[in-house]
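Take a look at the structure below.
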Amino acid sequence: MMMTMLAVVVALFGVVALILRLLSSHIRKYAAGGVCLCTARLDGKTALITGANCGIGKETALDLASRGARVILACRDIEKGEETAAEIRRRVGGAQVEVRELDLADTCSIRAFAQRFLREVNHLHILINNAGVMMCPYMKTADGFEMHLGVNHLGHFLLTYLLIGLLKRSAPARVVVVSSLAHYFGWIRFHDLHSQGSYNSGLAYCQSKLANVLFTRELSHRLTGSNVTVNSLHPGTVRSELVRHSTVMSLLFTLFSMFLKTPREGAQTSIYCAVAEELHSISGKHFSDCAPASVAPQGRCDETARKLWDVSCELLGIEWD
């Protein structure tokens, strides 16, 4: 009996594997999602991308460099950043690519980065808040913030605050915030933002991605009339290093790799939000697969967005009117 059941299970797996193999080209085409078809050049423009040494950040940097932009890679790991910059220069003749150290888990590093940046760079037309952490064990940043909230939200909040004056002086300019569909499962736990009462890595990640959407919403209101836009996006489910902290997620990503986007495919919406001509005056929206996407109800609450803004300023010790 057991042998018969085992044979049936093996046969079923074989059938499923055969079906997936036969449909692989169609599955891959569907999984790839939307493609940025914009051919706009970026000659004379400057773009800053956080976490650009790998994954979708790297692919975004490669694309913007190929359009003629001066691309600055803001990376925690300078060595990997330089390797990425060298690769982009090999692949794109005349590429203007620079690497600068930035640790979003340390506000001192963020301030030092911004200070040097403002001293040495005269214009900033595109800021892509791309870097992030996902489902890491409970850790705190150098300033005592829970790691997901500290890096994914507060780090980028402070960076944008420090560079917003330059963005306004360089207008038209764009801020692009890489969020996630995971924001649908997030709630801003104002009573325990740093998960000190209880911690779940998945929920902490979702909270930080919702914070990205709410930040985008509130910032767009505050940038009205400045000719600086801000939009958030879901890149899709991408094969990347982000899941390295979760054994279960790593296993699932390996088993279902056919259904995942490559980093190049995952970068398409970031690129779209950064360059598409039709978005020149669109702000405060959310995108996926190079098209408008829905936002969870909790991501559309202006009251929550304003409260999170005020709390973020308080935590960072800044005043941002």
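Here, residue 1 is the first one in the sequence, and each next residue gets the next number.
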For the residue pair [X] and [Y], what are the closest heavy atoms and their distance?
{"X": "A65", "Y": "A95", "result": "CB-CB, 4.3 Å"}
{"X": "L104", "Y": "I110", "result": "O-CD1, 3.8 Å"}
{"X": "I56", "Y": "P263", "result": "CG2-O, 3.5 Å"}
{"X": "V133", "Y": "Y205", "result": "O-CD1, 3.4 Å"}
{"X": "D106", "Y": "A142", "result": "CG-CB, 3.8 Å"}
{"X": "C38", "Y": "V275", "result": "SG-O, 3.6 Å"}

Check step by step if ring pair (Phe, Tyr, Trp, His ring centres under 6.0 Å) holds for H234 and H183. CA-CA 9 Å; H234 167 55; H183 84 271; 8.5 Å; no

Exam field: side chain [X] to backbone [Y], donor-acceptor pair closer than 3.5 Å:
{"X": "N227", "Y": "A171", "result": "no"}
{"X": "Q268", "Y": "C36", "result": "yes"}
{"X": "T50", "Y": "A131", "result": "yes"}
{"X": "S109", "Y": "D103", "result": "yes"}
{"X": "S283", "Y": "V230", "result": "yes"}
{"X": "S312", "Y": "L154", "result": "no"}
{"X": "R174", "Y": "H125", "result": "no"}
{"X": "D77", "Y": "N53", "result": "no"}
{"X": "K209", "Y": "V178", "result": "yes"}
{"X": "E265", "Y": "T262", "result": "yes"}

How about [X] and [Y]: do any of their side-chain heavy atoms sit closer than 4.5 Å?
{"X": "L62", "Y": "V92", "value": "yes"}
{"X": "N122", "Y": "L166", "value": "no"}
{"X": "L223", "Y": "I164", "value": "yes"}
{"X": "Y199", "Y": "H194", "value": "no"}
{"X": "R119", "Y": "Q115", "value": "yes"}
{"X": "L124", "Y": "K168", "value": "no"}
{"X": "H286", "Y": "N231", "value": "no"}
{"X": "E87", "Y": "R91", "value": "yes"}

Could you note down all residue pairs passing salt bridge (charged side-chain N to carboxylate O under 4.0 Å, His left out) where residues 177-205 supplies at least one of them, sequence neighbours left out? R189-D192

Could you tell me if [Y] and [X] have a donor-acceptor pair between their side chains, going purely by distance under 3.5 Å?
{"X": "Y184", "Y": "S294", "value": "yes"}
{"X": "Y272", "Y": "E278", "value": "yes"}
{"X": "H153", "Y": "S208", "value": "no"}
{"X": "T60", "Y": "N130", "value": "no"}
{"X": "E146", "Y": "H148", "value": "yes"}

For the pair [X] and [Y], find out whether any cationic side-chain nitrogen is under 4.0 Å from an anionic carboxylate oxygen.
{"X": "E98", "Y": "R100", "answer": "yes"}
{"X": "D310", "Y": "R306", "answer": "no"}
{"X": "D289", "Y": "K261", "answer": "yes"}
{"X": "R116", "Y": "E120", "answer": "yes"}

Would you say that more than 12 heavy atoms from the other residues, nucleotides or ligands in this model lie under 6.0 Å from the NE2 of H221, or not? yes

Give, for atom [atom1] of [X] and atom [atom2] of [Y], the distance between the pair rounded to the nearest 0.5 Å.
{"X": "S270", "Y": "N129", "atom1": "OG", "atom2": "CG", "result": "10.5 Å"}
{"X": "T229", "Y": "I126", "atom1": "OG1", "atom2": "CD1", "result": "9.5 Å"}
{"X": "L308", "Y": "C301", "atom1": "CG", "atom2": "SG", "result": "11.0 Å"}
{"X": "F215", "Y": "S179", "atom1": "CZ", "atom2": "OG", "result": "12.0 Å"}
{"X": "R111", "Y": "L158", "atom1": "CZ", "atom2": "CG", "result": "5.0 Å"}
{"X": "H156", "Y": "I128", "atom1": "NE2", "atom2": "CD1", "result": "10.5 Å"}

With hydrophobic residues grouped by side-chain heavy-atom distances under 4.5 Å, do [X] and [Y] end up in a single group?
{"X": "F185", "Y": "V177", "answer": "no"}
{"X": "L118", "Y": "F113", "answer": "yes"}
{"X": "L181", "Y": "L210", "answer": "no"}
{"X": "L214", "Y": "L203", "answer": "no"}
{"X": "L315", "Y": "W187", "answer": "no"}

Set out, in order, the CA-CA distance, both residues' side-chain angles and the distance that settles side-chain contact (heavy atoms from CB on, under 4.5 Å) for L102 and R76, then state yes or no. CA-CA 5 Å; L102 172 64; R76 182 172 56 86; over 6 Å; no

Of all residues at least two apart in sequence or in a different chain, which pass the ring pair (Phe, Tyr, Trp, His ring centres under 6.0 Å) check with W320? F157, Y161, W309

Quick note, side-chain hydrogen bond (donor to acceptor under 3.5 Å, both in side chains) partners involving residues 34-44, not counting sequence neighbours, are R41-D43

Take T84 and L73, measure what side-chain contact (heavy atoms from CB on, under 4.5 Å) needs, and give me the verdict at the end. CA-CA 9 Å; T84 296; L73 316 182; 4.1 Å; yes

Go through F117 and L162 one step at a time and tell me if the side-chain contact (heavy atoms from CB on, under 4.5 Å) criterion holds. CA-CA 10 Å; F117 190 92; L162 294 171; over 6 Å; no

Does the ring of F145 carry K140 above it, NZ/CZ under 6.0 angstrom from centre and within 45° of its axis? no

Begin from the C-alpha positions of I72 and Q96 and carry the test side-chain contact (heavy atoms from CB on, under 4.5 Å) through to its verdict. CA-CA 8 Å; I72 299 171; Q96 304 174 69; over 6 Å; no

